[in-house]
Structures are given as C-alpha cells and as structure tokens.
Amino acid sequence: MSNEPEIKRWTAKRKAELIKQVFRGQLTLAEIARKNDLPLSEVESWMIEAESGMENALRATPKDIAEQYESKIKGLHEAYGEAMLQIKFLKKLRSLTKQDEQGLVGR
C-alpha cells in the first residue's frame with residue numbers, strides 16, 4: 001500500500017488521472033492497483049471504460065452519453081425482435097411438423 005492518504009471514493013477525475021499515466025507509459029495497470037490497494041480487475045475495468053469513451057471523444061461531433069445509450073438500446077430492441085420472430089417461426093414449424101406426423105400415422 002502507498003503512503004498516500006486512503007481514497008474512499010474514486011471520482012471520474014481521479015480514475016482518469018491514473019489511466020492517463022498508463023497511456024503515457026508512466027505506470028502499468030498492475031502498479032496502479034498495487035499502489036492504491038485496488039483489485040487489478042477494477043483498474044482494468046477503468047481502462048476498458050476509458051478506451052470505449054476515447055472513440056467518442058475523438059469524433060468531430062461527439063455523441064452525448066444519452067444518445068450513445070439510446071443507440072445501443074435501439075440495437076438491442078431490434079435483436080430482441082428478430083429473436084422473437086425466430087422463436088415464433090420455430091414453434092409454428094414444430095406444430096406443423098407434429099400435425100404432419102400425426103396425419104401420416106393416422107392413415
């Protein structure tokens with residue numbers, strides 16, 4: 001553990017400062033975790049969040065967070081709708097197949 005005071009709440013600003021040190025090559029994720037007595041997985045998740053936000057930050061016109069979520073939700077709704085159609089199709093196919101089998105047995 002480091003000699004620095006214990007931080008109880010990790011704000012976005014504090015996380016960003018540490019992750020910037022990784023991008024600059026000043027520290028590794030493991031060093032940050034060790035110096036701040038944090039699980040490596042937590043620091044890795046900060047890095048993933050930073051990387052995912054980078055693309056948006058570098059756009060000519062960045063999307064606002066709500067717009068990003070709306071876009072993701074729309075895609076998930078579309079995927080859900082497709083999955084439901086496939087399920088309905090497969091159920092209908094199964095019922096028709098069973099009817100055909102019963103018709104053949106009854107002859």
Side-chain angles (χ1 to χ4, degrees):
M1 196 146 104
S2 69
N3 294 333
E4 297 175 20
E6 183 180 343
I7 297 174
K8 302 223 186 260
R9 184 171 180 273
W10 286 93
T11 63
K13 186 174 182 173
R14 287 183 181 144
K15 293 176 190 178
E17 284 304 315
L18 291 175
I19 296 303
K20 284 183 209 173
Q21 292 178 2
V22 174
F23 284 122
R24 292 182 195 127
Q26 297 167 332
L27 290 173
T28 66
L29 293 175
E31 290 170 328
I32 289 172
R34 188 173 53 253
K35 286 182 179 185
N36 293 283
D37 196 28
L38 293 166
L40 180 58
S41 61
E42 184 172 359
V43 180
E44 288 171 336
S45 73
W46 297 350
M47 180 65 118
I48 291 167
E49 290 171 21
E51 289 172 338
S52 67
M54 228 186 301
E55 180 183 345
N56 186 49
L58 296 173
R59 291 179 191 266
T61 54
K63 292 181 180 179
D64 112 305
I65 298 296
E67 188 179 340
Q68 290 178 38
Y69 285 129
E70 300 264 334
S71 177
K72 284 184 180 181
I73 289 171
K74 182 180 178 188
L76 290 171
H77 277 282
E78 289 172 1
Y80 176 79
E82 285 181 29
M84 291 305 297
L85 284 174
Q86 289 175 354
I87 289 170
K88 285 181 180 181
F89 171 79
L90 291 171
K91 285 181 178 179
K92 182 68 174 177
L93 182 62
R94 185 181 335 152
S95 78
L96 291 173
T97 305
K98 284 183 181 179
Q99 287 175 3
D100 281 350
E101 289 173 359
Q102 290 172 356
L104 290 174
V105 173
R107 289 185 185 174

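All figures in this text were calculated on a predicted structure; none of them were measured in a lab.
To the nearest 0.5 Å, atoms OG1 (Thr28) and CD (Gln21) are separated by 11.0 Å. To the nearest 0.5 Å, atoms CD1 (Ile32) and CG (Leu27) are separated by 5.0 Å. To the nearest 0.5 Å, atom CZ of residue Arg24 and atom CD1 of residue Ile19 are 11.5 Å apart. The line from CZ of Phe23 to CE of Met54 is 3.5 Å long, rounded to the nearest 0.5 Å. Distance CG/Leu18 to NZ/Lys35: 10.0 Å, rounded to 0.5 Å.
Note on Leu93 and Ile87: separate hydrophobic clusters, where clusters join Ile, Leu, Val, Met, Phe, Trp and Tyr whose side-chain heavy atoms are under 4.5 Å apart, directly or indirectly. If you chain together hydrophobic residues whose side chains sit under 4.5 Å apart, Leu96 and Leu85 never meet in one group. No continuous path of ILVMFWY side-chain contacts below 4.5 Å connects Tyr80 to Leu90, so the two sit in separate hydrophobic clusters.
Contact record, Gln26 with Glu31: O-OE1, 4.2 Å, taken as the closest heavy-atom pair.
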Please output the side-chain donor-acceptor pairs of residues 38-52 that fall under 3.5 Å, not counting sequence neighbours, one pair per line with the distance.
unit_1: Ser45; atom_1: OG; unit_2: Glu42; atom_2: O; d: 2.6
unit_1: Ser52; atom_1: OG; unit_2: Ile48; atom_2: O; d: 3.4
unit_1: Ser52; atom_1: OG; unit_2: Glu49; atom_2: O; d: 2.9

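The pair Glu17-Lys20 counts as a salt bridge, with a side-chain nitrogen and a carboxylate oxygen less than 4.0 angstrom apart.
Ser71 places no side-chain N or O within donor-acceptor distance of the main-chain N or O of Glu67, the cut-off being under 3.5 Å.
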